[in-house]
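Proteins come first, then strands; the chains are lettered A, B, ... in the order of their sequence lines, and each starts at number 1.
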Amino acid sequence: MAAKPPSTMEKEQIFGMAEKEMEYRVELFNKLTHTCFNKCVEKRYKESELNMGENSCIDRCVSKYWQVTNLVGQLLGSGQQPM
Amino acid sequence: MAAKPPSTMEKEQIFGMAEKEMEYRVELFNKLTHTCFNKCVEKRYKESELNMGENSCIDRCVSKYWQVTNLVGQLLGSGQQPM
Amino acid sequence: MAAKPPSTMEKEQIFGMAEKEMEYRVELFNKLTHTCFNKCVEKRYKESELNMGENSCIDRCVSKYWQVTNLVGQLLGSGQQPM
Amino acid sequence: MDKSMLGDLDNLPEEDKVRMSTMIDQLQIRDSLRMYNSLVERCFNDCVDSFRRKTLDKQEETCVRRCAEKFLKHSMRVGMRFAELNQGAATQD
Amino acid sequence: MDKSMLGDLDNLPEEDKVRMSTMIDQLQIRDSLRMYNSLVERCFNDCVDSFRRKTLDKQEETCVRRCAEKFLKHSMRVGMRFAELNQGAATQD
Amino acid sequence: MDKSMLGDLDNLPEEDKVRMSTMIDQLQIRDSLRMYNSLVERCFNDCVDSFRRKTLDKQEETCVRRCAEKFLKHSMRVGMRFAELNQGAATQD
């Protein structure tokens with residue numbers, strides 16, 4: 001918001017936070033990917049294509065995982081604020 | 001013990017060791033938490049409170065996990081020393 | 001190949017790559033170790049020695065895990081080149 | 001493992017203490033975010049098994065809430081017991 | 001979590017942008033290597049169960065290939081859906 | 001993955017070799033501590049299932065000892081086989 005350039009300390013904190021934030025997103029994506037593969041994909045590997053049922057399961061799984069992420073985020077955040 | 005201030009190299013090693021040590025403790029706590037949740041907590045989630053049985057299971061689980069940590073630590077440590 | 005010393009930027013990249021590469025090898029070794037323990041070792045722990053059957057299972061397991069690593073590596077690498 | 005090292009830190013100058021506390025802050029941020037991720041993974045796995053719709057139904061949502069609350073209470077209890085054991089180990093020396 | 005921070009980066013001088021992009025590159029390299037490792041672990045676990053020989057038989061090899069290809073296609077699809085949801089969340093603010 | 005890079009390091013000055021060996025030491029310390037944690041987790045999971053008392057009984061203790069010893073022997077054997085395969089891959093080039 002302000003135009004004032006950040007100090008060295010602030011900069012280090014911004015970089016540190018940005019790094020943790022990116023690690024968090026990568027881990028979220030990886031956990032989501034592995035979880036939805038476990039829930040939706042047939043493991044006998046009769047073919048290397050995803051079939052229609054698997055594809056729609058994956059789409060819904062990603063959507064629901066996203067909602068669970070938001071729901072749990074609200075619960076964790078509400079610790080500081082009045083419920 | 002000595003009052004002599006540590007050199008730059010020694011300082012880097014102290015910081016590196018302290019960081020690894022803290023990472024180790026965090027990981028120990030996380031593994032312990034997840035393991036005892038798996039062993040003690042009912043997963044149908046009929047309520048959001050821990051009942052008496054779960055609570056006493058958790059206390060004992062933490063205590064036993066701690067003992068296993070010490071026991072395995074002794075076994076790993078005894079590689080360098082005579083048994 | 002060239003005798004020219006690397007610049008500071010190049011050096012940082014070499015160190016960064018070397019670190020990631022070593023982390024990768026450590027993780028490969030750990031996953032391989034845990035996977036082959038799960039596949040080959042009897043979990044009732046009637047004794048603390050590995051028996052002959054377990055030992056030969058471990059050797060074959062390591063060998064097959066290595067082949068799977070190479071096979072998947074080829075598949076991942078072939079994304080950039082024509083199949 | 002090695003608790004002796006923490007004693008050495010008292011001898012370090014002010015700037016090193018700042019560096020140490022920054023390191024601890026960074027580890028705590030990382031740990032909180034990892035805990036968040038693993039809590040989501042756990043409660044999703046335990047509560048969501050049907051993929052006929054793309055939104056959570058009421059039952060799944062209730063399950064996720066209880067799972068998260070129960071895990072947080074569990075985690076606090078483990079934290080207290082863990083601290084007691086750590087203290088016991090420290091005073092034993 | 002906190003998207004506001006990304007706005008702040010525009011105010012930073014050129015050298016900081018370079019540092020940020022180096023950091024992103026490093027994280028991507030680490031992530032690719034981890035993905036490689038976990039893909040191998042998964043397909044090995046799903047496809048290899050017999051240890052009478054020390055080389056993969058034809059059936060195991062086919063299974064590993066399909067497993068890896070299927071996982072990569074799955075991963076790309078998840079990536080597209082994930083990006084859509086991220087964009088939706090960003091434009092909502 | 002890319003072994004060629006290790007050749008480049010010979011061209012680096014002494015201070016960089018020190019830095020590299022410090023990095024290797026740090027990774028090894030981290031790896032040993034992680035191994036310790038995962039060994040405890042594994043043997044606890046395989047050996048402890050009753051929570052009627054807060055101390056390990058004799059049978060659980062014996063199980064944990066054997067589990068840890070067996071895992072360490074296993075890990076050494078895997079290490080030897082792994083080294084052979086790594087050497088074979090290196091000399092193939």
Side-chain angles (χ1 to χ4, degrees), chain C residues 6-42 50-81 83, chain E residues 12-80 83:
Chain C
S7 72
T8 310
M9 265 306 271
E10 283 169 358
K11 231 194 257 180
E12 288 309 309
Q13 287 183 339
I14 289 172
F15 275 111
M17 273 306 293
E19 191 183 34
K20 303 294 169 293
E21 164 82 13
M22 282 186 263
E23 284 177 5
Y24 159 77
R25 282 179 186 284
V26 167
E27 200 189 330
L28 166 58
F29 179 75
N30 289 340
K31 280 185 184 296
L32 161 54
T33 305
H34 283 277
T35 301
C36 290
F37 195 85
N38 291 338
K39 297 265 188 192
C40 293
V41 179
E42 196 269 327
L50 297 165
N51 62 40
M52 235 181 61
E54 288 169 332
N55 272 329
S56 72
C57 178
I58 292 164
D59 293 352
R60 290 165 188 163
C61 181
V62 174
S63 167
K64 283 192 165 185
Y65 198 96
W66 183 265
Q67 287 169 66
V68 171
T69 302
N70 288 334
L71 188 52
V72 172
Q74 282 167 27
L75 288 170
L76 290 177
S78 69
Q80 288 107 316
Q81 302 148 15
M83 290 258 230
Chain E
L12 298 178
E14 194 55 35
E15 58 175 274
D16 292 335
K17 286 180 189 163
V18 171
R19 186 175 154 191
M20 188 62 82
S21 90
T22 306
M23 191 174 80
I24 293 171
D25 289 350
Q26 294 286 317
L27 285 175
Q28 281 180 337
I29 291 167
R30 175 177 288 164
D31 183 50
S32 307
L33 292 173
R34 283 192 182 160
M35 198 275 271
Y36 179 21
N37 262 327
S38 66
L39 185 55
V40 170
E41 186 185 31
R42 170 183 290 279
C43 295
F44 182 88
N45 267 317
D46 286 356
C47 295
V48 184
D49 262 316
S50 147
F51 299 98
R52 298 211 192 134
R53 300 167 61 218
K54 66 171 205 169
T55 49
L56 295 174
D57 62 34
K58 204 65 210 158
Q59 203 185 323
E60 289 167 331
E61 202 181 306
T62 307
C63 179
V64 168
R65 275 183 202 282
R66 286 178 182 160
C67 168
E69 284 171 17
K70 216 166 176 178
F71 189 86
L72 293 174
K73 282 167 192 160
H74 166 75
S75 184
M76 279 176 56
R77 189 168 188 104
V78 170
M80 288 192 308

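Atom CG of residue C:Leu75 and atom OH of residue E:Tyr36 lie 9.5 Å apart, to the nearest 0.5 angstrom. Summarising the geometry, atom NE2 belonging to C:His34 is positioned 12.5 Å from atom CG belonging to E:Asn45; distances are rounded to the nearest 0.5 Å. Atom CG of C:Asn30 is separated from atom CD of E:Glu41 by 10.5 Å, given to the nearest 0.5 angstrom. The structure places CE of C:Met22 at 12.5 Å from CG of E:Leu33, a figure rounded to the nearest 0.5 Å. The line from CD1 of E:Ile29 to CD of C:Glu23 is 11.0 Å long, rounded to the nearest 0.5 Å. E:Arg19 CZ to C:Glu12 CD: the interatomic distance, rounded to the nearest 0.5 Å, is 11.5 Å.
Across every non-hydrogen atom of E:Asp49 and C:Lys39, the tightest pair is OD1-NZ, 3.1 Å. Of all heavy-atom pairs spanning C:Lys31 and E:Asn37, the tightest one is CD-O, 3.8 Å.
Side-chain contact between C:Leu76 and E:Leu72: present, with at least one pair of heavy atoms (C-beta onward) separated by less than 4.5 Å.
If you measure heavy-atom distances from C:Leu71 to chain E, the contacts under 4.5 Å come from the side chain alone. For C:Thr35, the part lying near chain E is the side chain, with the backbone staying farther off; criterion is any non-hydrogen pair under 4.5 Å. E:Leu39 touches chain C through its side chain: at least one heavy atom from C-beta onward sits under 4.5 Å away, while N, CA, C and O do not.
Of residues 56-66 of chain C, those residues lying under 4.5 Å from chain E by any heavy-atom pair are C:Cys57, C:Arg60, C:Cys61, C:Ser63, C:Lys64, C:Tyr65.
Every residue two or more places apart in sequence or in another chain that forms a salt bridge (charged side-chain N to carboxylate O under 4.0 Å, His left out) with E:Lys70 is listed here: A:Glu54. Taking the side chain to side chain contact (heavy atoms under 4.5 Å, CB included) definition, one finds that E:Thr55 meets it with C:Gln67, E:Arg53, sequence neighbours left out. Scored by the salt bridge (charged side-chain N to carboxylate O under 4.0 Å, His left out) test, E:Glu61 finds E:Lys58, E:Arg65 as partners (sequence neighbours excluded).
In E:Met76, the CE atom is not crowded: 12 or fewer heavy atoms of neighbouring residues, nucleotides or ligands sit closer than 6.0 Å.
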